[in-house]
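The block underneath contains the structure these notes are about, expressed in structure tokens.
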2 protein chains.
Amino acid sequence: MRVSRPVVHPVEVPPPAAAAGAVAVEVGGAPAAHVENAQPRGVRMKDPPGAPGTPGGLGLRLSQAFFAATALAVMASTDDFPSVSAFCYLVVAVILQCLWSLSLAIVDIYALLVKRSLRHPQAVCIFTIGDGITGTLTLGAACASAGITVLIGNDLNICANNHCASFETATAMAFISWFALAPSCVLNFWSMASS
Amino acid sequence: MRVSRPVVHPVEVPPPAAAAGAVAVEVGGAPAAHVENAQPRGVRMKDPPGAPGTPGGLGLRLSQAFFAATALAVMASTDDFPSVSAFCYLVVAVILQCLWSLSLAIVDIYALLVKRSLRHPQAVCIFTIGDGITGTLTLGAACASAGITVLIGNDLNICANNHCASFETATAMAFISWFALAPSCVLNFWSMASS
């Protein structure tokens, strides 16, 4: 039977206090280097700030939900938004964004309370796809509303007959919500790709 | 001097044909399993279809440039697009998209001709950031133009005085260009994160 040849030649007498399975080497009077205490290769890094299940991630989710809810409230406060399709689309998109971000905020709160990591591959995949879809919808709605707002305010100069300030505020809030979503989406996608 | 204790107790006679540094174990007559011949962990996969430097990647880049150029040509063929800010923004965005995609198409052609891989981390990082910026701009411009087009065509019904068909075509081409860009961006980001 051939066996592996250790680098340090073993002595006949077994070491007195070596635990079973532990590998300890002491050379030239140096303190024992316990291999089982060394950092294993491929160990997972700590969750970066802003990742799901961290206080930063919870803050991002709450920011997204807050700004989306603000956009919804400001747009809904105008009585003529249903006459423009883009504004209706904005309302739908920010409702979806708000629901998604609130749901993930609840998941983050749960993970923080029970001190569990949310780096499960399937969970991260679902978060990434959801962030991608809601982010694209919110950005599209914000851009469409911005196009209409600029048309009304700058190109046609008919702000006197419209709630330009409310439209602009709602559009800005939707953009800020998207800016708060982008780091979550990028972090989740990065986590999914590097796992 | 404490030394490591191997799991299999070493024999006194060294193995006869073990190469220096090689670890060979033969148990129960089974052929020797040479560890140095095993597949190393973390070995790079072949470039996936659509990645930079592949025929699929070149096809995606040419598609992006073609649809962006078509959107530009259709929008520029109307004489009243400068009166709407969103359409001017669309023209700028698709010009940028076309230039970016054509540049990367040339890089892809070069890589294909000299059979070089484009998986260098810095190159992939530049491709990802460029794709992200141009993709966001193109999507935003397409959504803003779509908002205006729907306002003119559906909400106000003033297509008789405007080039609705051209606006719709240009918007659709910009969206298709963005759809062709999305796989490149996702693949580059995935490649950057997993490298």
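Quick note on labels: first sequence line is chain A, next is B, and so on, each numbered from 1.
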Between CG on residue B:Leu151 and CD1 on residue A:Ile148, distance to nearest 0.5 Å = 4.0 Å

Would you kindly confirm whether B:Tyr89 and B:Val91 end up in one hydrophobic cluster when ILVMFWY residues are joined by side chain heavy atoms under 4.5 Å apart?
-> no

Please state whether the rings of A:Phe189 and B:Trp190 are parallel, tilted or perpendicular, taking 30° and 60° as the class boundaries.
-> perpendicular

Measuring heavy-atom distances to chain B, does A:Val150 have an atom under 4.5 Å in its side chain, in its backbone, in both, or in neither?
-> side chain

With only heavy atoms counted, which part of A:Ser83 is less than 4.5 Å from chain B, the side chain, the backbone, both or neither?
-> backbone

Going only through I, L, V, M, F, W and Y residues with side-chain contacts under 4.5 Å, is there a path from B:Ile133 to A:Leu139?
-> no

Hey, can you pull the donor-acceptor pairs under 3.5 Å for the side chains in residues 167-186 of chain B, sequence neighbours left out?
residue, atom, partner, partner atom, Å
B:Thr169, OG1, B:Ala165, O, 2.6
B:Thr171, OG1, B:Phe167, O, 2.7
B:Ser177, OG, B:Gln64, O, 3.1
B:Trp178, NE1, B:Gly135, O, 3.4
B:Ser184, OG, B:Gln64, NE2, 3.1

Would B:Leu156 and A:Val84 show up in the same hydrophobic cluster when neighbours are defined by side-chain heavy atoms closer than 4.5 Å?
-> yes

Relative to chain A, which of B:Gly147, B:Gly140, B:Ser194, B:Cys143 shows the most heavy atom pairs under 4.5 Å?
-> B:Cys143

A:Asp155 side-chain N/O to B:Ser85 backbone N/O, donor-acceptor pair under 3.5 Å = yes

What residues form a side chain to side chain contact (heavy atoms under 4.5 Å, CB included) with A:Leu118, not counting sequence neighbours?
-> A:Pro52, A:Val107, A:Asp108, A:Ala111, A:Phe127

